[in-house]
Structure formats: C-alpha cells, structure tokens
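Let me begin by presenting the structure, written as structure tokens, before commenting on it.
All values reported here derive from a predicted model rather than from experimental measurement. The figures here come from the full heavy-atom set of this structure, side chains too, leaving out hydrogens, waters and symmetry mates.
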Amino acid sequence: MKLMAFSRKILLGALAMNETDMGETLRTRIYSHNNDYRFNVSEVSRAPSGTKLPSLSVVIPYFQGKYLGRTLHGLYRAIKKVQATDIVWIFEIIVVDDGSAQRAEDVFGLLSFQNLTVIRFEKNSGRTAARNAGLNRARHDVVLFIDADILVNEDILLEHLRVHAFLQNASCISIGFFSFITNEDPILQKERITNEDIRKKLNDFRLSCTYQSHWAGCENDLRFSGKTFRIVTETRDFRHWPKEGFLGPWILPNMVLGGFFMVRRVAALFVGGFDHSFQGYGFTETSLPTKLIAAFGHFVVPVVGSGCLHIEDPNANASRRIKDEAFRKRHHYYFSHYLGLTLQQSIYGQSNAHDRIS
C-alpha cells in the first residue's frame, strides 16, 4: 500500500525546517524535545473546549483473534457518546485484515456497523504494513490506532478528541492506558464494561511499576531492576520529562504503546507512517511517534481519565523467552541504529522504494 508522496520543497515548508535541521539525528531532536504542553490534561479532557472536535479515522489491524466484534461494539458506544455532544462530527473505522484465516467479516456482522471499511491482505504482512495501509486509506483529521483485542469504555474517544481540539495549531500524540487481563478474566462476562470497571484494574507500567530484569533491552538497563517507577506522576503527565532524554531506561517515544494512541493524519503521512524496518514483536509502533516528535515537536499527552482493557491470550502468544529475545533485538536496532538516522533519512528511507517521499 503506497503512502502519500510529497516533494522535498513542500516537505521542508511543512516542517518549517532548513537543510541543517533535516540533517540532525533523531536522537538529537528527541533528547532535546520539550514536552511541556502547559495545560491540565484532566481538566481539558473532561470539559467541553468550545472548539469543534476533529474528525476521526480509526485503524484496527486484525490477524486472527476472537475479540474484534467486542472491540467494535465498545468503539461504537464511544462514538455515540461523541455524537451526542457534536451532531456534525464525522468518523470512519478501517479494519485491516492482515491475511487472517478467519476473515474479519466472519467475526462481526458487516452490515451492523456504520462507516466501516475492511481492507483485506491476501497474505500476512505484519502490523506495520497493516497500520500503514489504514493510515493511507484514512481521510479524517486524527487517526486512532487500536488493536483488535482492546475493549474501551464509552468516554475515551471524547476525552482524547477534546485534547486534540484544545491544542488546535499545536499537535500531539495522545495515549491511552491499559488494564492488562487474561482471556479468562471474569470481567469479560459482562456485556457492558464501564470506566469504573477498567479503572479498578489499571496495571499499566507507565502509571506504576517495579522494573523487572527480563524487561531489560540491554545490559545497561539491568541497573534499574527492582526500582519502582511512577512515570506519569514523576513527570507530571510527561510535561517535565527529563531534559537529558531518559527516565530510567525509557525515552519519551517509549511511552507510546501500540494498543491505543491517536495522531494527526497529515503529519503522520508527511513523515512516512511507520517504518518497515520494525517487524514482529517490539517497537513496531515506536518509529511513528519518534518521527512526529523529531519533525514537528508533537507533544506526547497521557489521557489517564478513561482506560482500556487489553486482553492477553496466553495460548495464542509466543513464549515469554521468545518475546524477550525479540524485544532485545528491536531495542538494540532502535537505540543503536534508528535513532542515529537523520530526520531526512528516517522520512525518505522507508524500506520499500515506492513508500519513499519523492
């Protein structure tokens, strides 16, 4: 799926940059980024901004799995909540069926969902290709990337859209938070899951965690083993992210997890979407927020008020050992190679020539 192409002149103008800026490395631009967006997220996300809400494209990569129907039902309840506050607001949902043996249309009733499109890959191409295909098809102001095993409460879309509306000319990457549960959790027996149900179970590492040795992406990270982090609290909702770039083993783009985050569509297309060099488990979503921060100075804004349930099926996943090995490989590539690319290289240097900005 071919991403939108832009000329060099248009690109530089859109980024408000010169050739020197484009020659800076991603590492330099990420580490020097000031994430102080200067507003209270809770107040903005829970109160009408008086500004028109941005239109929304939702992109859902799908490969096997049995929760896509529930994911969609939760999204449509959240969509109705937005529609109740803004009757002219528009949206679309794009499911990218990544060569699944059980086709997406067989998992849910296609006719029961409004403004829904299915893109079908004949063979499995991976989450990066699926997300880029959805991004390329998207037509609205902001794009939400959400996985097919995520259940949301009805307030979450409205809260994220209010943050994007409030910023207006300045843009952000808004991120959601998770309750990670197994497929045997009793909460899945409930027909309708409330915000309170999710908040009671929030166990997202970005809120509170004790660093585990098997999380380490490299030998140097082992020094943080056993240390407790409360990242959102310590950084005051990421506004006071450390000036040296790192908080413990993490840099700011590491705070963007693939299960639920929202970006500006045109900006995401300008920087070439997700980088095809990241395949498989680990860091598959990280390249896009890295480029958005480096190119446009987009803020990373945590919207904690509403959360998501992330369903983990232990029978469907690779072993912990295999995942940890894959994560360490991606970690090494990201920190040792990818961040060393110039902004120009990261935007122009997509894996496939037809995806390059010309």
Side-chain angles (χ1 to χ4, degrees), residues 6 8-38 128 167 169-175 206 216-221 223-224 231 234-257 261 263-264 266-278 282-302 327-351 355-357:
F6 297 94
R8 185 178 186 81
K9 183 177 180 180
I10 292 174
L11 178 65
L12 288 171
L15 298 178
M17 286 183 178
N18 55 40
E19 295 287 347
T20 301
D21 294 324
M22 291 292 284
E24 290 185 340
T25 65
L26 294 174
R27 180 178 287 108
T28 296
R29 298 189 69 84
I30 291 295
Y31 291 3
S32 62
H33 171 68
N34 181 356
N35 202 56
D36 188 3
Y37 46 84
R38 299 185 180 182
T128 298
L167 279 166
N169 294 329
S171 293
C172 75
I173 305 157
S174 64
I175 63 174
R206 294 164 295 181
C218 62
E219 193 73 22
N220 194 43
D221 288 351
R223 61 198 168 109
F224 299 110
I231 303 172
E234 291 173 25
T235 62
R236 298 186 185 179
D237 295 338
F238 301 167
R239 286 176 301 184
H240 294 177
W241 193 266
K243 292 181 179 179
E244 60 272 19
F246 275 87
L247 177 69
W250 301 289
I251 61 174
L252 190 59
N254 296 147
M255 296 297 101
V256 184
L257 303 186
F261 69 101
V263 302
R264 285 281 168 175
V266 171
L269 286 168
F270 262 116
V271 298
F274 298 88
D275 195 288
H276 289 275
S277 59
F278 293 94
F283 285 81
T284 55
E285 66 278 349
T286 314
S287 62
L288 178 56
T290 297
K291 289 188 286 185
L292 290 174
I293 296 168
F296 294 103
H298 282 192
F299 300 118
V300 180
V301 180
F327 175 79
R328 284 191 287 272
K329 288 179 181 178
R330 306 298 184 277
H331 182 282
H332 176 76
Y333 179 83
Y334 178 78
F335 281 98
S336 298
H337 174 74
Y338 190 72
L339 288 181
L341 297 178
T342 65
L343 184 56
Q344 174 176 310
Q345 289 171 332
S346 70
I347 295 175
Y348 287 16
Q350 298 297 305
S351 297
D355 279 340
R356 292 177 184 168
I357 300 171

Exam field: side chain [X] to backbone [Y], donor-acceptor pair closer than 3.5 Å:
X	Y	result
Arg29	Leu26	no
Asn254	Trp250	no
Thr128	Phe274	no
Lys291	Leu343	no
Asp275	Ser277	yes

- Message: Could you check, using the six-membered ring where one of them is a Trp, whether Phe278 and Tyr333 have ring centers closer than 6.0 angstrom?
- Response: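 Ring centroids of Phe278 and Tyr333 are less than 6.0 Å from each other.
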Any heavy-atom pair between the side chains of [Y] and [X] that's under 4.5 Å?
X	Y	value
Tyr338	Phe283	no
Arg330	Thr286	no
Val300	Tyr37	no

Could you grab the distance from atom [atom1] of [X] to atom [atom2] of [Y], nearest 0.5 Å is fine?
X	Y	atom1	atom2	result
Arg264	Leu292	CZ	CG	12.0 Å
Phe299	Ile293	CZ	CD1	11.0 Å
Gln345	Met22	CD	CE	10.0 Å
Arg239	Asn34	CZ	CG	12.0 Å

- Message: Counting only heavy atoms from other residues, nucleotides and ligands, does the tally under 6.0 Å from NE2 of His332 exceed 12?
- Response: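 12 or below, so no.
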- In this structure, are over 12 heavy atoms from other groups packed under 6.0 Å from Glu219 atom CD? no
What is the minimum heavy-atom distance between [X] and [Y], and which atoms define it?
X	Y	result
Gly340	Thr25	O-CG2, 3.6 Å
Ala295	Val271	CB-CG1, 3.9 Å
Met255	Ile175	O-CD1, 3.3 Å
Ser171	His298	CB-NE2, 3.3 Å
Phe238	Thr235	N-OG1, 2.9 Å
Gly23	Thr342	O-CG2, 3.2 Å

- Task: Let me know which of Leu247, Asn35, Ile173 forms a side chain to side chain contact (heavy atoms under 4.5 Å, CB included) with Leu252.
- Result: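 Result for side chain to side chain contact (heavy atoms under 4.5 Å, CB included) with Leu252: Asn35.
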- Taking atom types as modelled, find out whether Thr290 and Tyr334 have a side-chain donor-acceptor pair closer than 3.5 angstrom.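 Note: Thr290 and Tyr334 side chains meet the donor-acceptor criterion.
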